[in-house]
Amino acid sequence: MSLKVLFVAEKNDTAKEISRIMSNNKYTRREGLSKLNKIYGFSCKMLNNDADITMASVSGHIMTIDFSLEFKSWEKHPPVSLFTAPIEDYCPEDSKPIVNTIVREAKENEMLVLWTDCDREGEYIASEIRHICLIANPSIKIYRARFSEITYASIHTAINQMEMINERLVAAVDCRKELDLRIGAAFTRFLSLRLQKVFPYHFPTNHVVSYGPCQFPTLGFVVDRCKQVEHFVPKKFYKLRTVVERGDTQVNFFWSRGGIQDRTETEQSQRGCNQQSVAIVYRVVSKSKSEPRPLPLNTVELEKKASRKLDMSAKQVMMIAEKLYTQGLISYPRTETNFFPPSFNLVPLVEEQTRAEQWGDTARHILRDSPTPSEGQKSDQAHPPIYPIKHTSSLQGNERKVYEFIARHFLACCHKDAQTSETTVEILVNKESFSASGLIITARNYLDVYPYDEWCDRRIPHFTQGERIQIEGCIEMIECETTPPSYLTEADLIQLMDEHGIGTDATHSDHIERIKMRGYVDVQLDGTLLPSKLGRGLVEGYTKIGHNLANSDLRAELERDLTDICVGKKEKNEVINFMVHRYKQVFTEISSHAILIDESLSNYFGPPKQLRIEYPHERDHYYWDSIKTQPKHLPHKCSYTTPSKQKSSSTRIRHSRMNQHPYIQSTQIPMTAVENDNNLELCYCGIPSILLTVRKAGPNTGKKFYTCNTSSCEYFVWDKTFEVQEGGYFMEKIPTSFSSRRDLVLCHCNYPAKLRTVDKDNLNKGRQFYNCTKQKGNACEFFQWEDDGPTLSIQYFKNNKSISDNPKGIKCKCGRLAKLRTVSKDGFNKGKDFYSCPKPIGGDCRFFKWAHEEQIMISNNLITSQIDTAKLLLCECGQLSKLMTCKEGSNKGRKYYGCPKKNGRWCGFFEWA
DNA sequence: GCAAGGTC
């Protein structure tokens, strides 16, 4: 009885090649449910058994992740919530035929062998396939085959040394995926939504201003280079030169000391030399040198060299390479490997190229000496270097250029190094040495087929050692200047990304393309990259806040953590928790200082067109989080105002804002600044905040709140000493003397409190205090020492609901007599009475109870079982809050109350149950 | 509408 075994590879190409090798070319092929992934069949020996093999494949990752439906809307939840929002795995539509094929085949086999690439992502893809197969066939035995190249020897070694999936590698990829999504999405939503509001003409609704941990460092490289160029200060330096005529040739002899910055010293040497009329040939040296042929081609080199030499972007090059690969013209183009394994048979590949009209001769020449490929050191342990498979002469345009480059490069590295002879002639003039050199290519070898390396002869006439040359005193001084570095080309950028570990070989060109698409960089006519106004403004804004998100160190640090997970030094959750916490802190600081980003962008885009501060719940959605997380007293980074200049009057405050703040000039929603002289509420900038009144019609009309006086931070707090209720009372904060205060002290029942004296024998004997005038049982719990500091005073207004409205003495959660109020908001419950805490909103205990039980109406969208009726809470927009459960994160399972509204109408109310 | 990573 034969073993029935299912093999699954990472891509169809690998599946086919493994099948070919293991079956000695005797395999069958049938269609799968996915057009691109065929199913191969063959028999072989496996674990000392006969085995019937079914070889299937996937196309990279099967599953992907995204936030749960609840968090898909950009407006429903603040971006900061994405740091902890639930994430779900799902199977995209185009993966379903692949999954269905694997499921079908897994049911038919007793063993599964995973042949995915031998890297971190390959290990993860293996785990995805395992997951699917186990659902289809829970008893299937699972093994992992590891191979570093697709050769007979490697495949047979892999099958005889099968292993288990390395869970650490899987955990590392899990970690990367989650962090990339959370961090990328949080910052992208935050920035997009903000700029859409602040610069609506430049960033209309739905315009995306993205952040990603790879794309932003890529932008950072471009910005850095641009700044290096701009800040470059040229320095003068001086050289000496003399020109010697020999026959028809003029030979430039340059001062052996090169260039020096000291002009006086150079002039002294020049004068000394010019006193001589004769130079002596001191030394003539000729030496042979090898000019090495290129290394076998990997992806990074293909992108770099082809984009340099073929006038194409790296992305274009890769897209064409992929097309050539699918046409069977070249090998797999995503590879890090730059050496051919010893077992690799190059001869048939070179033979194929003898058919080429332009380089066929070189191919024949290589075959005569047998190919000897150059050898690099890099390997991805999965793929060979890029080489041409079939010759074709039918390609046109850029496809032809890329194919020709790959073919010529392949032949060049199979050829021999070029040989040169370099001759250096040194002359002495007044003890100063001058030299000239020439270069002759003695054997072109690989250069015959590789025009991308530009070598040419630089001939020098014959000189004899000891020879005397007339120079006739013509030593000249040349004044030079140092020059700035050049702007980055795509090739330079790929080099930097490679060096700093930004992205992978397969994604470098994607990241470059993305920062072009987002409008962060512009491509110059010469192909170099310059940061756009947007790209530059963003990097400058983040840097001003103190978090340069464009720095590549952030990604490098994550890569180190991922490596630590792979080697068992760290745990996945440890890294996720740490990074989420850290980036959330960065996010909070950036969101509370985002004015600095606006400011940086306004340097390029002009003043913002819209007032940022409107009605609190219409402010940026991260507002809610910044209040909840209370990032108090961040370093003062405001640049607009100083506290001392704006304390005298409300009018002056407003003028100072209008004069100094570009946003205020285009205020669309009028606000009133209130007398603020004694305000000690400091905003996050550490300066006195301003007290404003909500003017916009809505449930909070007339309410007052403190916010940053310069709009430099996101500070926002409802004023707890003011409250305007329908027909209610008006509380005003006034510092009162103790004597004048006496008649005004009210208890929680809103009755004048009674002044009493402690008569018990204790430390407070004789001390006076206020409490409720009513008898025990009916009295509220108000208590206040008479000799305490300034307190609140209250003026009555008409129609105040009184104690008679709470005859049952219903108390709120903080022990005060609950206040009877009426729902004024339009809606199902308008006009209904309810009891709530008497304290102003913001400082209240959030107690809620309908005045008449029979009136209890629950919105249709709430399910009764979800509501803890003992704790009905009103959210900030007047709705009954909804009891919900955290689905993920450190608070998983913990219940909380939140605003029940959806679709961007969510008010931000939140309280742990 | 957001990230980065596979592959096609």
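First the proteins, then the strands, lettered A, B, ... as listed; each starts at 1.
When heavy atoms are screened at a 4.0 angstrom cut-off, A:Arg120 is found touching no nucleic acid atom at all. At the heavy-atom level, A:Ile98 lies nowhere under 4.0 Å from the strands shown. Within the 4.0 angstrom heavy-atom criterion, no nucleotide atom of any strand lies near A:Tyr124. Contacts of A:Ser59 with the nucleic acid, taken as non-hydrogen atoms under 4.0 Å apart, include base atoms. In this structure, A:Tyr332 reaches the sugar-phosphate backbone alone: every heavy-atom distance under 4.0 Å involves primed, P, OP1 or OP2 atoms, never a base. If you check every strand for non-hydrogen atoms under 4.0 Å, A:Glu322 touches nothing.
Atom CG of A:Leu324 and atom P of B:dC8 are 15 Å apart (whole Å). Here B:dG5 presents its P atom at 15 Å from CD of A:Glu128, a figure rounded to the nearest Å. One can place CG of A:Leu82 at 13 Å from P of B:dC2, the figure rounded to the nearest angstrom. In this structure, CZ of A:Arg189 is placed 12 Å from C1' of B:dA3, rounded to the nearest angstrom. Rounded to an integer number of Å, the gap from CZ of A:Phe187 to C1' of B:dG1 is 18 Å. Following rounding to the nearest Å, A:Lys96 (NZ) and B:dT7 (P) show an atom-to-atom distance of 22 Å. B:dC2 atom C1' lies 11 Å from atom CE of A:Met517, rounded to whole Å. Rounding to whole angstrom units, CE of residue A:Met318 and P of B:dC8 are separated by 12 Å.
Look at A:Arg555 and you won't find any side-chain N or O under 4.0 angstrom from OP1 or OP2 of B:dA3. Residue A:Arg176 has no polar side-chain atom (N or O) positioned under 4.0 Å from OP1 or OP2 of B:dA3. Note on A:His61: every side-chain N or O is 4.0 Å or more away from OP1 and OP2 of B:dA4. Phosphate contact (OP1/OP2 of B:dT7, side-chain N/O of A:Arg334, threshold under 4.0 Å): present. Regarding contacts with the backbone of B:dT7, a side-chain N or O of A:Lys11 is found under 4.0 angstrom from either OP1 or OP2. For B:dC2, the OP1/OP2 oxygens have a side-chain nitrogen or oxygen of A:Arg518 closer than 4.0 Å. Taking side-chain N and O atoms only, A:Ser210 has a distance below 4.0 Å to OP1 or OP2 of B:dA3.
For A:Asp561, the salt bridge (Lys or Arg N to Asp or Glu O under 4.0 Å) test picks out A:Lys570, with sequence neighbours left out.
Sorted by first then second residue, the salt bridge (charged side-chain N to carboxylate O under 4.0 Å, His left out) pairs that include residues 314-324 of chain A, not counting sequence neighbours, are A:Lys315-A:Asp510, A:Glu322-A:Arg334, A:Lys323-A:Glu399.
Projected onto DNA chain B by closest heavy-atom contact, A:Thr205 and A:Gly60 fall at different nucleotides, the more 5' of which corresponds to A:Thr205.
In this structure, A:Phe587 has its ring center at least 6.0 angstrom away from the ring center of A:Tyr211.
The side chain of A:Asp180 lies closest to B:dA3, out of B:dT7, B:dG6, B:dA3. Distance from the side chain of A:Trp74 is smallest to B:dC2 among B:dA4, B:dT7, B:dC2. The listed nucleotides are B:dG6, B:dC8, B:dA3; the one nearest the side chain of A:Pro213 is B:dA3.
Contacts between residues 497-509 of chain A and DNA chain B, defined by a heavy-atom separation under 4.0 Å, are made by A:Gly503, A:Thr504, A:Ala506, A:Thr507.
Relative orientation of the A:Phe216 and A:Tyr520 rings is perpendicular, given thresholds of 30° and 60° on the angle between their planes. Relative orientation of the A:Phe187 and A:Phe83 rings is perpendicular, given thresholds of 30° and 60° on the angle between their planes. In this pair, A:Phe203 and A:His207 present their aromatic rings perpendicular. The plane angle is above 60°, beyond the 30 to 60° band.
Under 3.5 Å, the side chain of A:Asp66 and the base of B:dC2 form at least one donor-acceptor pair of N or O atoms.
Contact check on A:Glu557 versus A:Arg582 returns a salt bridge, with a Lys/Arg side-chain nitrogen under 4.0 Å from an Asp/Glu carboxylate oxygen. Looking at A:Lys96 and A:Glu93, a side-chain N of the basic residue comes within less than 4.0 Å of a carboxylate O on the acidic one, giving a salt bridge.
Just one residue in the list A:Arg130, A:Lys572, A:Arg144 forms a salt bridge (charged side-chain N to carboxylate O under 4.0 Å, His left out) with A:Glu167, and that residue is A:Arg130.
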